Every structure is written in structure tokens, then in C-alpha cells.
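Remarks on the structure that follows.
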Amino acid sequence: MTQTLDHIVRDPAAPTPQQRVDAWLAAFETALAARDADAAAALFATDSFWRDLIAFTWNITTVEGRAAITDLLRADPDATNPSGFHTTEPPTEDDGVVTAWIGFETAAGRGAGHLRLADEGAWTLLTALRELKGFEEGTRTRRPTGVRHGADPSRVTWSEQRALEDRELGYTRQPYTLIVGGGQAGIALGARMRQLGVPALVVDAHDRPGDQWRKRYKSLCLHDPVWYDHMPYLPFPDNWPVFAPKDKIADWLEMYTTVMEVPYWSSTTCTSARYDELAGEWTVAVEREGAAVELRPRHLVLATGMSGKPNIPDFPGMDRFMGDQHHSSAHPGPDGYAGKRAVVIGSNNSAHDICAALWEAGAVSVTMVQRSSTHVVKSESLMDLAFGDLYSERAIDAGITTDKADLAFASMPYRLMPEFQRPLYRAMRERDAEFYRRLEHAGFRIDWGDDDSGLFMKYLRRGSGYYIDVGAAEMVADGDITLAHGEVRELTETAVILDDGTELPADLVVYATGYGSMNGWAADLIGQDVADKVGKCWGYGSGTTKDPGPWEGELRNMWKPTQQEGLWFHGGNLHQSRHYSLYLALQLKARYESIPTPVYGLQEVHHRS
């Protein structure tokens with residue numbers, strides 16, 4: 001039967017999307033000015049979500065429902081004192097939901113936000129602090145002149161000033177913030193600190209910035225697209241490849257560190273750290289190029305990678321195995337293993353990449369041991385269906401800048417995100433049905449996440465359990481990479497023995513067995529007591545595999561205050577390192593300038609690791 005839908009004509013008396021948003025913002029601001037938390041919360045729908053990125057809470061937190069919103073607004077309204085709510089572009093309407101980009105001010109700074117407005121009231125609200133009043137970054141119209149014109153016999157040149165800073169910082173002048181870890185996260189935060197005028201120092205054990213990528217196996221490349229991966233202030237050029245190889249990324253990070261004038265100590269190892277509660281500062285012992293140095297920062301940021309310490313298994317017989325064995329993080333590349341028999345324990349991103357590279361280099365056999373099911377998506381489908389609307393050339397053509405994309409993505413509360421992710425992965429499953437049929441026929445065990453919500457939810461919940469296929473899964477499907485299943489029972493001198501007795505002859509064993517929580521770095525550097533005090537990093541209490549409840553609603557301990565005064569964690573992929581470094585930098589800048597930062601909703605610790 002064919003149905004004809006009559007053209008729907010809007011009631012001319014009905015308010016426009018702009019009028020609806022303006023009315024809501026005016027009512028919200030009036031309630032806030034009157035310190036009437038109940039009236040402000042009544043403007044939200046019964047099932048509603050407010051995600052705040054340090055604007056109202058000096059925290060990264062999400063509250064759900066009117067009662068929680070009321071509690072947030074009653075916490076310290078005089079400290080926030082918000083005002084000036086307005087739209088920054090015309091709102092739009094789709095399926096009865098009006099979407100608006102907004103701006104506002106607080107006592108401390110200026111913010112941006114995103115509002116989804118339904119008939120009952122606000123469904124979702126994002127508020128994000130973007131700059132501090134009186135401490136704005138020196139960009140665009142506020143950029144420095146760079147030189148003082150005229151004659152000056154006491155002139156200090158730029159290079160002389162930089163050399164003086166290098167001699168002083170860490171010796172005669174202490175950094176306010178010490179950033180341990182000089183990969184993309186540490187460098188991005190170091191650049192933010194530099195632009196905000198906060199004395200900060202990045203230290204890293206490698207010889208050069210970028211070595212975190214440069215020294216990994218040679219086939220490593222980014223699996224995320226270029227539009228998703230920009231660094232703060234200095235985006236990749238328009239001719240940058242969609243998927244950058246590791247050495248290109250390494251060179252970019254080294255160049256970026258120099259151009260952005262990030263104070264950076266290479267060849268520096270932190271050996272211990274302790275916090276003095278009375279002095280409100282850390283004492284951090286480091287070895288810089290073999291010389292002992294003591295640093296006394298007020299704040300310590302661990303930017304040592306969101307994956308934490310490598311999970312190195314302890315299988316019986318590892319001590320008697322006569323071949324090479326190492327964790328994937330220490331894999332030197334495939335070149336030395338031509339003609340060898342390789343066994344890779346694991347079936348996620350690193351395992352696939354390493355298997356493919358070993359096959360290409362001429363290993364006589366490459367076996368992947370799949371211990372549990374893995375979520376696999378084809379890169380092309382992921383780029384089109386998952387990234388395309390926000391991070392792509394078509395998004396740029398539609399006016400979606402990287403900053404706008406970051407805020408749009410941040411505007412979706414974690415509670416709602418699976419609902420919006422599932423259709424994307426259903427479409428991928430349908431588009432690539434033949435690929436999945438072949439992969440399953442080869443014996444590969446595929447999953448789509450505990451609730452079919454796909455890759456990104458797995459990443460947020462556990463940081464593992466997936467592979468973005470750039471060719472290795474096709475090799476598994478074709479049989480070029482041999483597949484085995486089960487747990488490892490033991491190693492002999494020349495083989496890996498699985499729990500069912502299967503013997504896999506091996507000259508090389510790579511343990512692609514993942515990583516622990518970031519607080520493991522805190523245990524090594526500071527002590528297990530502090531690691532337990534701050535608790536597990538990453539995951540948000542979804543109750544899914546490797547992300548135990550209770551529900552917490554935000555990534556544990558990331559980019560926000562922790563239970564240990566003066567200790568922060570910073571990491572994630574390039575997108576998160578870029579976006580969330582802003583909020584971490586603003587929190588540190590506010591403390592540096594003695595701006596009050598009353599923290600609402602300091603995270604409780606439910607899991608230690």
C-alpha cells in the first residue's frame with residue numbers, strides 16, 4: 001500500500017527554534033541569578049544530562065536528572081556567578097529536538113556550550129570553560145609583537161632569552177607543573193602551559209621528542225584519520241596523509257616541541273616522587289643525562305600513556321624458552337625475523353599489525369593466538385560512517401571545524417552514547433557482510449561489544465578488545481596469518497603450548513597482551529599507597545567487560561582533580577590529548593593565579609586497578 005504524507009505546515013504562532021532557545025536561556029539565567037536551583041533544574045527534562053567541563057564544577061563531570069542538577073547548582077553558586085547566555089549561531093531543529101550552540105560567562109572566565117532542547121525542557125547541556133578572564137592566551141589580536149622596536153643597548157634576543165630559560169628552569173627556578181611523559185599528551189599540555197604563561201617542564205626518558213613513536217615497530221601507523229589527530233594551535237597541513245606513519249608523526253612531534261617552545265628535557269628518568277602536604281609541593285628525583293636533579297613542582301602530571309604499564313604475562317616455561325620473547329611495546333620490528341617461526345599472543349590492534357609486518361618481512365610462519373573475541377571494523381567503513389560527519393573533508397566543507405567537532409562529540413553524555421553508536425556499527429556489519437563471513441569462516445571470533453555499541457565504546461570502557469582493519473584481518477581471512485585459539489599453558493624451549501595441548505613451534509613470541517591502568521605508573525614513581533588512593537584510571541563504570549560498576553559517568557581520573565592533591569593524569573589518543581589538554585591546562589592556570597577552584601563531585605574510588 002502506498003501512503004502519501006501531507007506536507008506538514010508549521011503553526012505560524014508556534015515559536016521558532018531561535019525563540020525557544022532564547023526563552024530557555026533567559027529563564028535559565030534568571031533562575032541562576034536568583035540562586036534558585038529548583039527553578040533552574042525544572043527547566044530540564046525528567047531524563048536529562050548536564051555535562052560540565054570545569055565551567056561550573058572545576059571538574060569534568062556529568063549529572064543526570066533534575067535532583068542531581070539541583071545538587072550541582074546549590075553547591076557554590078556565588079563562586080560560579082554565570083551570566084550572558086546567548087546563542088552563537090542559529091539553532092536547528094530535527095525530530096522535535098532543537099540543537100543550539102551557546103556562549104556564556106562565569107566569574108572566572110568565558111565558556112561555550114551545546115544545548116539539546118526537547119518539548120519537556122533541556123535534554124542535554126554541555127558547558128565548557130574556554131578561557132580565563134584576564135589570563136587569555138596571546139593569540140590572534142592578542143598575539144605578542146615578538147620584538148621591541150628601537151635601539152636598546154641591553155636588548156635580549158629571543159634566542160638569548162630561550163637559552164636563559166633553559167639554564168634556569170629546573171635549577172634556579174622551579175616549574176610550577178612537572179609533566180612526566182613527553183609523547184603527544186605531554187607535549188600538547190606543555191604547549192598549552194607555555195601559551196598560558198605557566199612555568200612547566202616536560203621530562204621524558206627517550207633521547208628525542210617523538211621517540212615514543214620512532215622506536216616502535218616499523219609498520220606502526222595511525223589508524224585514526226588526520227582530521228581527528230591535530231595538535232593544539234598547529235594543525236597538520238592540508239597535504240598530510242590520512243593515516244600518518246609512525247616516523248612522520250615522530251618528526252612532527254619533535255618539530256612541534258621546538259616550534260611551540262615547549263620546555264622539554266630528553267634523556268631524563270624520574271626515579272621517585274613524594275608529596276609534602278604542608279608545603280603543598282612535590283619533591284621529584286630525576287636523572288638527566290646521568291646527573292641527579294631534584295625538582296619541586298606544585299603539580300605533577302603523569303602523561304605516560306593512557307594504556308598504563310605493559311601487561312607482561314607469567315607463563316610457565318618462559319625462563320627456558322630459547323628464542324626471542326617480548327611484549328608488543330618492546331617489539332623492535334620484523335626485520336630480524338625473516339625465516340623464523342613467530343607466535344603472537346593476542347588479537348587486537350598491535351597483534352594484527354605485528355603479524356602482518358612479520359609476514360611481509362618473510363617469517364616462515366606467523367600464528368596469532370586469539371584468547372577471546374575481538375571487535376573488528378574495516379578502516380574505510382569506520383572513516384565514512386563513524387568519523388565522517390565530524391572529522392573528514394566533508395565535515396570541513398559543512399563548516400565543522402576541529403574545535404566544533406570536539407565540542408559536538410563532548411556534548412553526548414556517556415549514558416546516551418551507546419544508543420547513538422549502535423546504528424553506525426549495524427551499518428558497518430551490513431556494508432561489510434562478506435568480509436565478516438570470510439573472517440568467521442577462517443575461525444576468527446568476532447564481537448561488537450557487550451551491547452553491540454562497537455569500537456569507540458570499547459575504547460572508552462576498557463581501551464582494548466578491537467582492531468581497525470588496515471589489511472591484517474584480510475590476511476587472517478585468507479590464511480596468510482595462521483589462527484589458533486586458547487590460553488597459553490606453558491612454553492618449552494622451542495614452542496608455545498596451548499591449554500588444549502596444541503603445540504606452536506616458535507623462534508619468536510610476542511606478548512600483545514595489553515596494558516594495565518595508568519595508576520600503575522603512580523605506584524612505581526610515588527608508591528602503591530598513592531596509586532590505591534587515586535584508584536583505577538580509564539573506564540566510566542559501565543558494568544561491561546573490564547569496566548566494572550558502579551556507574552561513574554566520566555572517565556576515571558582523567559584530566560581532572562584526583563584524590564591525591566596535586567596529582568593529575570593526562571593521556572588518550574591524539575584527539576583526547578588535544579581537546580582535554582585545554583581543560584587540564586585551565587585548571588592548572590587557575591591554581592597558578594590563585595583563582596578559587598572549588599571542586600564539585602570529586603571522584604570517589606571504587607576500584608584500585
Side-chain angles (χ1 to χ4, degrees), residues 5-53 55-57 61-74 77 80-106 110-130 389-390 395 398-401 403-417 419-420 423:
L5 296 179
D6 294 332
H7 179 65
I8 299 175
V9 179
R10 175 178 291 277
D11 181 354
T16 66
Q18 183 70 62
Q19 291 170 331
R20 289 181 62 188
V21 172
D22 287 345
W24 191 92
L25 292 176
F28 189 54
E29 183 167 343
T30 297
L32 295 178
R35 306 297 190 256
D36 191 339
D38 291 323
L43 295 168
F44 287 77
T46 304
D47 295 321
S48 53
F49 306 85
W50 181 356
R51 188 175 193 219
D52 183 60
L53 305 181
F56 281 70
T57 62
T61 190
T62 299
V63 291
E64 303 181 5
R66 291 171 177 167
I69 292 168
T70 301
D71 186 70
L72 185 158
L73 291 173
R74 284 177 176 166
T80 306
N81 197 28
S83 64
F85 287 87
H86 63 281
T87 59
T88 56
E89 61 182 72
T92 60
E93 183 173 4
D94 187 34
D95 290 334
V97 176
V98 174
T99 299
W101 292 97
I102 65 173
F104 61 93
E105 294 190 10
T106 68
R110 300 175 187 88
H114 186 276
L115 172 68
R116 294 182 180 92
L117 187 59
D119 289 340
E120 191 185 3
W123 178 34
T124 71
L125 175 64
L126 171 73
T127 47
L129 189 66
R130 306 293 284 174
D389 288 343
L390 292 179
I400 307 297
T401 64
D403 189 56
K404 189 173 184 179
D406 288 347
L407 287 171
F409 200 76
S411 74
M412 183 57 62
Y414 290 145
R415 180 81 76 179
L416 298 178
M417 199 174 286
E419 178 184 340
F420 286 83

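Only a predicted model underlies this, so the values are computations on that prediction, with no experimental measurement involved.
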> Can you tell me how far CD1 of Ile102 sits from CG of Asp22, rounded to the nearest 0.5 angstrom?
Replying inline: 11.5 Å
>> Which heavy atom of Ser48 sits nearest to which heavy atom of Phe44, and what is that distance?
In response: OG-CB, 3.5 Å
> Should Asn81 and Arg35 be marked as a side chain to side chain contact (heavy atoms under 4.5 Å, CB included) after you check the CA-CA gap, both sets of side-chain angles, and the distance that decides it?
Replying inline: CA-CA 9 Å; Asn81 197 28; Arg35 306 297 190 256; 3.2 Å; yes
>> Consider side chain to side chain donor-acceptor pair (under 3.5 Å). Of Thr57, Thr106, Asp52, Thr80, which one does Thr127 pass it with?
In response: Asp52
> What are the two closest heavy atoms between Ala100 and Thr87, and how far apart are they?
Replying inline: CB-CG2, 4.5 Å
> What is the distance from atom CG of Leu25 to atom NE2 of His86, rounded to the nearest 0.5 Å?
Replying inline: 9.5 Å
> How far apart are the closest heavy atoms of Ala45 and Glu120, and which atoms are they?
Replying inline: CB-OE1, 3.6 Å
> Taking only residues two or more places apart in sequence or in another chain, which ones pass ring pair (Phe, Tyr, Trp, His ring centres under 6.0 Å) with Phe85?
Replying inline: Phe28, Phe104
>> Show the nearest heavy-atom pair for residues Thr16 and Gln19, with the distance to one decimal.
In response: N-OE1, 2.8 Å
>> Can you confirm whether Asp71 sits close enough to Val63 that some side-chain heavy atom of one is under 4.5 Å from a side-chain heavy atom of the other?
In response: no
> Which pair of non-hydrogen atoms, one from Val98 and one from Pro91, has the smallest distance, and what is that distance?
Replying inline: CG1-CB, 3.9 Å
> Measuring from Glu93:CD to Thr99:OG1, what's the distance to the nearest 0.5 Å?
Replying inline: 9.0 Å
>> Between Arg116 and Asp94, is the salt bridge (Lys or Arg N to Asp or Glu O under 4.0 Å) condition met? List the steps.
In response: CA-CA 10 Å; Arg116 294 182 180 92; Asp94 187 34; over 6 Å; no
> Is it true that Asp47 and Arg415 make a salt bridge, defined as a side-chain N closer than 4.0 Å to a carboxylate O?
Replying inline: no
>> To the nearest 0.5 Å, what is the distance between CH2 on Trp101 and CG on Leu115?
In response: 11.5 Å
> Does Phe49 reach the side chain of Met412, with side-chain heavy atoms less than 4.5 Å apart?
Replying inline: no
>> For a side chain to side chain contact (heavy atoms under 4.5 Å, CB included) check, start with the C-alpha distance between Arg20 and Asp119, then their side-chain angles and the critical distance, and finish with the verdict.
In response: CA-CA 10 Å; Arg20 289 181 62 188; Asp119 289 340; 3.6 Å; yes
> Given Ile400 and Asp389, is the side chain to side chain contact (heavy atoms under 4.5 Å, CB included) satisfied, shown in steps?
Replying inline: CA-CA 8 Å; Ile400 307 297; Asp389 288 343; over 6 Å; no
>> Which residues pass the salt bridge (charged side-chain N to carboxylate O under 4.0 Å, His left out) test with Arg74, not counting sequence neighbours?
In response: Asp38
>> Contact between Thr124 and Pro413 at the side-chain level, heavy atoms closer than 4.5 Å - yes or no?
In response: yes
>> Test side chain to side chain contact (heavy atoms under 4.5 Å, CB included) on Ser83 and Glu29; report intermediate values, then the result.
In response: CA-CA 6 Å; Ser83 64; Glu29 183 167 343; 3.8 Å; yes
> What heavy-atom pair brings Leu390 and Ala405 nearest, and what distance separates the two atoms?
Replying inline: O-CB, 3.4 Å
>> Can you tell me how far apart CD (Gln18) and CD (Glu89) are? Round to the nearest 0.5 Å.
In response: 10.0 Å
